[in-house]
Each structure stands twice: as structure tokens, then as C-alpha cells.
Amino acid sequence: DAGVIQSPRHEVTEMGQEVTLRCKPISGHDYLFWYRQTMMRGLELLIYFNNNVPIDDSGMPEDRFSAKMPNASFSTLKIQPSEPRDSAVYFCASSLGPDTQYFGPGTRLTVL
Amino acid sequence: GESVGLHLPTLSVQEGDNSIINCAYSNSASDYFIWYKQESGKGPQFIIDIRSNMDKRQGQRVTVLLNKTVKHLSLQIAATQPGDSAVYFCAEAGYSTLTFGKGTMLLVSP
């Protein structure tokens, strides 16, 4: 089992650029979660999907953030335009049912 | 200017000691709890879970205790090893999501 796969692992971009983070959940899992982790705020839930449908996006900080899940094996989190305060580690997690979540290795985003 | 960060409580132990990490949860209706371990540069990793109909659950070198009366969880690690050094999070399950605690940093000295 490959676990949750995220790409890229590191992203450095300039303010104003579009950033796309990618996630492949564990096969068979029906829930997918996007989190952001910073020293200031800890681990924050941004949005989650059930069976590819967004269920709760109340954690998405603003309209610059959007997430999609076009199929059961792929999701993207997009930031457009990016700002320095978006710098963080972004995690994707998946679960079978609403229980134990399994996390990917994260994408470390730096916006200059 | 001065930056204010998330000041994690830290537990420092010697290799071979037993470690106890505590967590207070907020929702008395929560019926499922999980402990995660996060090593530097990695994502949180599942360690052990417990349901509210249990008071204690044991894994390999780890034990989770649940006290519903005072809404308290603890993670006990036996014979702590340097590889146990990490940040440990407790999480309580809501309807479909998890609410994570702030985390505790465990530092193990050889």
C-alpha cells in the first residue's frame, strides 16, 4: 500500500503566482481531507470531501483557495493568487468512513 | 518584530523511561479518539485509537487511557526510545472530522 501521495513535496513561488497542490488518496478510501499546518495556528482543516463531493469548506481561508476532486483517486488544492502568509505545510489525508485518517507526507509551500 | 508561535508543551525523558502524554478534549459527546505521532518533516502517523466504551487500550509499547468523567486522554509509551522523539497529537472524532489538540513534543535523550 503506497499510502497517501502528495506532490510536489516542496514548492517555492513568488507572491501573486498560482500554486496547485496534488493528492492521491489511499485506494478505496471515500473521505479526503486537506489541512494546513503552521507554527502559529497548528493543524487546521481546510476542506473535506466524501465520495468526491465537497462536504465542508468552512475552513478555506478565502476565495483565493479552491479545491477539487474530479475522481476518487485525485484531488487538487489551488491558491490563486498566492501570498506570503499562505506559506505553510499542506497535508492531505484520507479515510475509509469518517474514522481514522491517514496523512500524506505534506507539501511545504513557501511564498516569497 | 517578535513572532508569536504555537508554544508546544514539551516532555523530556531519558531513553528507557516510561512517558506519559496527556490531552484534554472538549466534547463530552465524542465517542472516538486517536493518537497521532508527527516526526519532523513528516505527516501525522496513526498510533492507536480508542472508543468511548473502553477505558484502556494497549498496543505495542503504547497504552491509551480514557477518562470520560474529566474528558481526559493519556498516551503511555513504555521503554521510550530515541525514535519516539516527535510531536504527539490527540484527536477527537466529530461527525465526519477530527479535532486535533495542540500537540506535545516528546524529547528522548540517549
Side-chain angles (χ1 to χ4, degrees), chain A residues 1-7 9-10 21 23-26 29-51 53-60 84-85 87-109, chain B residues 1-10 21 23-27 29-54 57 59 62 64 66 73 75 86-106:
Chain A
D1 186 352
V4 175
I5 299 172
Q6 291 187 247
S7 65
R9 293 295 311 278
H10 302 273
L21 311 182
C23 175
K24 176 178 169 53
I26 293 171
H29 282 190
D30 55 350
Y31 282 80
L32 184 140
F33 305 82
W34 281 101
Y35 289 88
R36 177 172 68 175
Q37 187 176 44
T38 62
M39 286 300 296
M40 292 286 289
R41 303 169 74 94
L43 198 59
E44 303 174 277
L45 176 65
L46 300 177
I47 185 172
Y48 77 96
F49 296 81
N50 177 216
N51 292 321
V53 176
I55 303 300
D56 185 353
D57 66 353
S58 60
M60 298 284 261
R85 60 194 169 120
S87 297
V89 181
Y90 291 81
F91 289 105
C92 176
S94 70
S95 67
L96 179 62
D99 272 352
T100 306
Q101 296 175 24
Y102 295 89
F103 284 75
T107 296
R108 181 173 294 276
L109 173 65
Chain B
E2 182 180 1
S3 64
V4 178
L6 201 64
H7 295 287
L8 296 178
T10 300
I21 300 171
C23 176
Y25 63 92
S26 57
N27 187 351
S30 294
D31 62 358
Y32 181 60
F33 305 88
I34 307 169
W35 279 99
Y36 285 89
K37 171 188 180 183
Q38 187 176 20
E39 297 174 271
S40 180
K42 298 183 178 180
Q45 178 186 10
F46 170 86
I47 303 174
I48 192 168
D49 57 2
I50 188 168
R51 299 213 174 263
S52 60
N53 61 351
M54 303 172 70
R57 189 168 188 211
V62 294
V64 55
L66 175 61
L73 235 92
L75 177 71
V87 176
Y88 290 81
F89 294 94
C90 66
E92 58 182 300
Y95 175 68
S96 298
T97 61
L98 297 177
T99 301
F100 285 85
K102 294 284 188 281
T104 296
M105 181 173 292
L106 176 65

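Order of the sequence lines fixes the chain letters, A, B, ..., with proteins taken first and strands second; residue numbering starts at 1 for each chain. Computed from heavy atoms alone, side chains included, the values below leave out hydrogens, waters and symmetry copies.
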Answer with side chain, backbone, both or neither: which region of B/Q38 has an atom nearer than 4.5 Å to a non-hydrogen atom of chain A? side chain

Segment of B/I34 engaging chain A (4.5 angstrom heavy-atom cut-off): side chain

Could you label the plane-to-plane angle of the A/Y102 and B/F46 rings as parallel, tilted or perpendicular, counting under 30° as parallel and over 60° as perpendicular? tilted

Rounded to the nearest 0.5 Å, how far apart are OH of A/Y48 and CG of B/L98? 10.5 Å

What part of A/R9 gets closer than 4.5 Å to chain B, counting heavy atoms only: side chain, backbone, both or neither? side chain

Report the C-alpha distance between B/F100 and A/Q37 in whole Å, list the side-chain angles of each, state the deciding distance to 0.1 Å, and finish with yes or no for side chain to side chain contact (heavy atoms under 4.5 Å, CB included). CA-CA 11 Å; B/F100 285 85; A/Q37 187 176 44; over 6 Å; no

Verify side chain to side chain contact (heavy atoms under 4.5 Å, CB included) between A/T100 and B/D49, making sure each step is shown before the conclusion. CA-CA 8 Å; A/T100 306; B/D49 57 2; 3.8 Å; yes

